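In this text, all values refer to a predicted model and were calculated from it rather than measured experimentally. Just so you know, these numbers use all the heavy atoms, side chains as well, and skip hydrogens, waters and symmetry mates. Every chain is numbered from 1, with letters handed out A, B, ... down the list of sequences.
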Amino acid sequence: DGGITQSPKYLFRKEGQNVTLSCEQNLNHDAMYWYRQDPGQGLRLIYYSQIVNDFQKGDIAEGYSVSREKKESFPLTVTSAQKNPTAFYLCASSIPASQETDTQYFGPGTRLTVL
Amino acid sequence: AQSVTQPDIHITVSEGASLELRCNYSYGATPYLFWYVQSPGQGLQLLLKYFSGDTLVQGIKGFEAEFKRSQSSFNLRKPSVHWSDAAEYFCAVSGDSWGKFQFGAGTQVVVTP
């Protein structure tokens, strides 16, 4: 079955540590995205990548980093510079053949808690 | 810039009753509009989308949405809700720039017996 997997489902981090969240897709989608979700704020875009070896900052990129070395993988690193990293992180992917057909599909999410 | 407003943070509805969730958008041209549903601790699932054509769009799980350009709205409806429809619902708009979706803050739906 095609889909998007995120691991781990729950992640605990001590203050000052970097952590990396995994996102893998086997949908053969070109574009991938990382969102942060906080209660009452909807989804906010952290980073996105349209093709391999290229990525762009979203609305809240500070304190985060990404890489896109393979089409199917888009890991997100939450660095110690991120002041309030406790949140639910969602990865998404899309084709898109054109902007009109651009539909994002989501993984199950990773809940990060800073202790 | 594009934006999305979901005026209702929380809605309580009885099982079997009808449901309507409001979504208003701000965008200069014809937007691409989406509704997603999220169960607790899960990712988002696409319910339906509007790109062009018929302004009444049918989706999965018995949901439909109507695009009204004059009102800048894309409201989601279901004639008869089931207990399994309890979830958070997000409206999203795309079109301002490639790959950039703008999500509303979400509407939490509670279904009572």
If you look at every heavy atom in B:F51 and A:T103, which pair is closest and at what distance?
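Shortest heavy-atom contact: CZ-OG1, 3.7 Å.
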
Closest approach of A:F88 to B:Q42 (non-hydrogen atoms, all atoms of both residues)
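A:F88 and B:Q42 have their closest heavy atoms at CE2-O, 3.5 Å.
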
Assess whether atom CD of B:Q58 is packed by more than 12 heavy atoms of other residues, nucleotides or ligands within 6.0 Å.
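For B:Q58, atom CD is crowded (more than 12 foreign heavy atoms under 6.0 Å).
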
Should the heavy atoms of other residues, nucleotides or ligands under 6.0 Å from NZ of A:K14 be counted, would the total exceed 12?
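At most 12 heavy atoms, drawn from other residues, nucleotides or ligands, come within 6.0 Å of this atom.
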
Among B:Q38, B:Q45, B:Q6, B:Q108, single out the residue with the greatest number of heavy-atom pairs under 4.5 Å to chain A.
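Of B:Q38, B:Q45, B:Q6, B:Q108, B:Q38 has the most heavy-atom pairs under 4.5 Å with chain A.
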
Pick from B:Y36, B:F34, B:F90 with the largest number of heavy-atom pairs that fall under 4.5 Å of chain A
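That would be B:Y36.
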
Is A:Q37 close to chain B through its backbone or its side chain, or both, or neither, when contacts mean heavy atoms under 4.5 Å?
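For A:Q37, the contact with chain B is made by the side chain alone.
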
Relative to chain B, which segment of A:L43 carries a heavy atom at a distance below 4.5 Å: side chain, backbone, both, or neither?
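Looking at A:L43, backbone and side chain both touch chain B.
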
Sorted by first residue and then second, give each salt bridge (charged side-chain N to carboxylate O under 4.0 Å, His left out) pair with at least one member in residues 34-45 of chain A; sequence neighbours left out.
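Checked against salt bridge (charged side-chain N to carboxylate O under 4.0 Å, His left out) - neighbours excluded - the pairs reaching residues 34-45 of chain A are A:R36-A:D38, A:D38-A:R44.
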
In the hydrophobic cluster built from side-chain contacts under 4.5 Å, what are the other members alongside B:L56?
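Its cluster mates, by chain and number: none.
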
Identify which part of B:L46 has an atom lying under 4.5 Å from any heavy atom of chain A, answering side chain, backbone, both or neither.
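The side chain, not the backbone.
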
Honestly curious: do B:L48 and B:I60 fall in one hydrophobic cluster under the side-chain, below-4.5 Å linking rule?
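As far as the 4.5 Å side-chain criterion goes, B:I60 and B:L48 are connected within one cluster.
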
Taking a hydrophobic cluster as the set of Ile, Leu, Val, Met, Phe, Trp and Tyr residues connected by side-chain heavy atoms closer than 4.5 Å, whether directly or through intermediates, do A:Y47 and A:L90 fall within one such cluster?
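In one cluster with A:Y47: A:L90, no.
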
Spacing of CZ belonging to B:F101 relative to OH belonging to A:Y33, to within rounding of 0.5 Å
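Result: 6.5 Å between the selected atoms.
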
